[in-house]
Amino acid sequence: MGLIERLRNFAFATPTAFPVVGAGGERAWNRLVGDGAVSRTTAPHNGDILLLTGLVPPSWNVPLRDLFETFALPRAVVWLRPAGADPTPTGLPVLSLDHWDAQTVRGALLDPAAVGWKALHDDVPPAEWRGKGDYGQGGEGMMGGKPYGRPMAMTMMDTDGLNLGDLPTGLGPFFPHLPSGLHMKLHLQGARVRECGEARFLEADVHPDDLLAVGVAIAPFLRATRGQPMAIRELETARMRHHLARIADMLALAGLEGLARRALAVAGDVDAPTVRDGLSEIERANAETRFAGFGLLDRRMIESAGMAGFAARAAGLPLDRRDVCEAYRDLGFEPLVEEAGDTAARFRLLVRESRQSLDLIARAGDKQSTAAETPTGPLSETAGAWRSATGALLAHLPMLLGGRLFSEAVMIVASLSLSNEEAMLP
Amino acid sequence: MTAAIATLVLVTIGVAYLAVVDRVARSFVAGAPVGLATLAAPFRDALRDLMKERRPTERPDPVMWLGAPILLVTLVFAALTVMPLSGEAVGSDLSVGVVFFTAMFALIMVAAWAAGWGPNSKYPLIAGYRFIGLMLAYEMPFAITIIAVALPAESLALGKIVAWQQAHVWNVILQPVGFLIYLVSALAVAFSGPFALLASKDLAGGVELELSGGPRLLWRFGHRALLLSTAAFAVPLFLGGGAGPFLPPEVWTVLKVLFVAGTLALTGHLMPLVRLDWFMKTAWVVLIPLALVNLFLVGAVALLFPAWFGSGG
């Protein structure tokens, strides 16, 4: 082995991954980060691996290809394929693996003959740049629209009464620390979101049986919705893992990367003392100060929209289907609530509910329940049409994000505990 | 020439030290084992950056984009030319050394803005002007505390400020509030710790989003060198320069710099990022008035006890 090759092996021993987490892929990703097998990047330019985990719906293929095209060489796409996942993402040079194999990944990453090294697009601009157009577009006095395929900013009054450029832009579908597949249309004025036009997940429409086949995180809740009694231990373990992953996202957005990694590590572990210690560390870090005072979804808004679940509890409404389940009541379950209804209240509730889940797991024994309350909220099915709390929250996102600073808008979305698995249901 | 090479070597060692401290702290907070791999990680990252392709964006401003890391590194090294390791070991003991290095740090803003503007990409751009928005809020207390430090020595030369402390009392004892304000604003100047808003995750990496390859390595080197240098100036300003028993003054200076820089680097793992509105309000309502009170108190003491003040007493 030559010196260059040795240095290359050393440099890429722990590849930097940009994750795209599909249905049922969160646990695999948490384990990889928790174990330190990969390090995470939020910048595709700086990524070595586009790491796909779980079931990837076909509608993600084109945006995934565009995303991968921004990766600098050396690069590779690795799909950690859950058993029963089909089809393989197309349009990408995917290395499909059943389990993480560092040597195989490094081999694919460092082989210049690998397909991942070749450009997927021709390196040409999406539209020809012709400078100032016949009607002044592209030059002085920008008039909005999309001259030559590029959106142009049009000045509009901002909240301080100043005329400021208004930039129509998109956020997602693979924005770091937000659920993969979530896409929003925004108008930015400086660092502020003037308006959020639309918030939705990319179309997926996956049959619930296909989701169950790949072992999605919401699988126990899906089964409970269908009337199948599920072990409370299993339901609460899934809830705690989901909450810890959301806590990790929020901590990372608040700049506490080490603590975020700790939350992910204990999420993969589910060993009571370890999780308790981790949660205590998180509480001591006082991260909630970063989230206080914005993203208010108060009691009145929740009631008028007929919402229930996690966001409702964070606004002081004890709406939880577990409350009416006899098995949960036998365990002394009472819904936890926070009063403020803002992003900080949701963060606190995530931590408290994780601890509550731990207690329930310890005391549940072999008790079973059919309470269809996912970590986000109630889940129901009527004649093949599914209604989830994620869907209800998405409808309120534009109202929540309008007027907020961009960084706050991202934290608000992360705090709502949205689930792309729920959004994939028909 | 020798001084330049020595500065380059010392800064490179300091940057490596900060990178290792950062990794170890992150692993410690994450509850992960700290081993040889943790210590090697920063060197692995640097090598990886060197081996990565440099990706362009669509229609960047190449002068600004590539110029930003070069300007950042240049400003840091320029500032360090007036940093005294001891009475003799100093690149240039300017009579206005204090003014010179604060001017260099004020120009960091230009590099930060260029890094945001250069790639023609929205998240770096937002990160760039977010940083500019903070500037007055941290530059004012930074400058005022430094004036208060120069006052007892009646000089703007760092050598004389150190000499006055060695003859009388360290400024950290005379002006503990000023020292704390300096550390907070030094973190902000170096966009590090709770002020790491220039490359934060809420903007998908901010100005580092579009960087790859050599320019990324240079930017990150410059960033750590900046934190090292803002920490370094705390030593002649507040900690008596090279004063200390048994060891040569140069060694004492280096040890003090590593301690202050390491402490500042740890804050990023223990405290969340500050909120822009909160910091601006706190800076204008608390930090700047406190820095002024500190300055007035030192001024009052200077008027009341003139014999005690002045260079070397």
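Chain letters run A, B, ... following the sequence lines, proteins first and then strands; every chain starts at 1.
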*Check for a donor-acceptor pair, side chain of A:R290 on one end and backbone N or O of B:R275 on the other, with a separation under 3.5 Å.*
no
_Top contributor to chain B interface from A:D48, A:D277, A:D35, A:L251 [non-hydrogen pairs under 4.5 Å]_ = A:D48
*Examine whether an atom of B:D49 lies under 4.5 Å from a heavy atom of chain A, and if so say whether it belongs to the side chain, the backbone or both; otherwise answer neither.*
side chain
*Any side-chain heavy-atom pair of B:D45 and A:T16 under 4.5 Å*: no
*asked:* Given 3.5 Å as the limit, does a donor-acceptor pair link the side chain of B:K52 with the main chain of A:A72, or not?
replied: yes
*Out of A:S39, A:A191, A:G36, which one racks up the most heavy-atom pairs below 4.5 Å with chain B?*
A:A191
*Would you say the side chain of A:L256 lies within less than 4.5 Å of the side chain of B:L273, judging by non-hydrogen atoms?*
no
*Side chains of B:L209 and A:H45: does their closest heavy-atom pair fall under 4.5 Å?*
no
*Can you measure from CZ (B:R48) to CZ (A:F12) and round to the nearest 0.5 angstrom?*
6.0 Å
*For chain B, the option from A:V410, A:T289, A:L253 that forms the most heavy-atom pairs under 4.5 Å*: A:L253
*B:E208 versus chain A, the contacting section by heavy-atom distance below 4.5 Å*: backbone
*For the residue pair B:Y123 and A:T169, establish whether any side-chain heavy-atom pair is separated by less than 4.5 Å.*
no
*Among A:L405, A:T70, A:T14, single out the residue with the greatest number of heavy-atom pairs under 4.5 Å to chain B.*
A:T70
*Side-chain contact test, heavy atoms from C-beta onward, threshold under 4.5 Å: evaluate it for B:P272 versus A:E288 and give yes or no.*
no
*Determine the option with the most heavy-atom pairs under 4.5 angstrom with chain A, choosing from B:H269, B:M271, B:R54, B:R216.*
B:R216
*Classify the side-chain pair B:K201/A:T42 by whether it contains a donor and acceptor separated by less than 3.5 Å.*
no
*Pairwise distance CG(B:D202) to CE(A:M250) - rounded to 0.5 angstrom*: 12.0 Å
*With the side chain counted from C-beta on, respond yes when B:L47 and A:R8 share a heavy-atom pair under 4.5 Å apart, and no when they do not.*
no
_Within 45 degrees of the ring normal and closer than 6.0 Å to the centroid, is that where the cationic atom of B:R55 sits relative to A:F71?_
no
_Under 4.5 Å from a heavy atom of chain A, the part of B:L50 involved_ = neither
_Among A:A287, A:P176, A:G190, A:G293, which residue has the highest count of heavy-atom pairs closer than 4.5 Å to chain B?_
A:G190
*If every non-hydrogen atom of B:M51 is compared with every non-hydrogen atom of A:A11, which pair is closest and at what distance?*
SD-CB, 4.1 Å
*Spacing of CG belonging to A:N9 relative to CZ belonging to B:R44, to within rounding of 0.5 Å*: 10.5 Å
*side-chain contact (heavy atoms from CB on, under 4.5 Å) between A:R261 and B:R26, worked out*: CA-CA 9 Å; A:R261 198 178 143 194; B:R26 195 189 308 171; 5.5 Å; no
*Contact part of A:F18 toward chain B, heavy-atom cut-off under 4.5 Å: side chain, backbone, both or neither?*
neither
*Mind checking the CZ-CG spacing from A:F175 to B:L203? Nearest 0.5 Å is all I need.*
6.5 Å
*Under 4.5 Å heavy-atom distance to chain A, tell me which part of B:A40 shows up: side chain, backbone, both or neither.*
both
*Let me know if B:A204 has heavy atoms under 4.5 Å from chain A in its side chain, its backbone, both or neither.*
both
*Given the options B:L197, B:D277, B:I126, B:T57, which has more heavy-atom pairs under 4.5 Å with chain A than any of the others?*
B:I126
_Sub-4.5 Å side-chain heavy-atom contact between B:R130 and A:S407_ = yes
_Applying side-chain contact (heavy atoms from CB on, under 4.5 Å) to B:V29 and A:E281, what does each step give before you reach the verdict?_
CA-CA 9 Å; B:V29 174; A:E281 286 291 328; over 6 Å; no
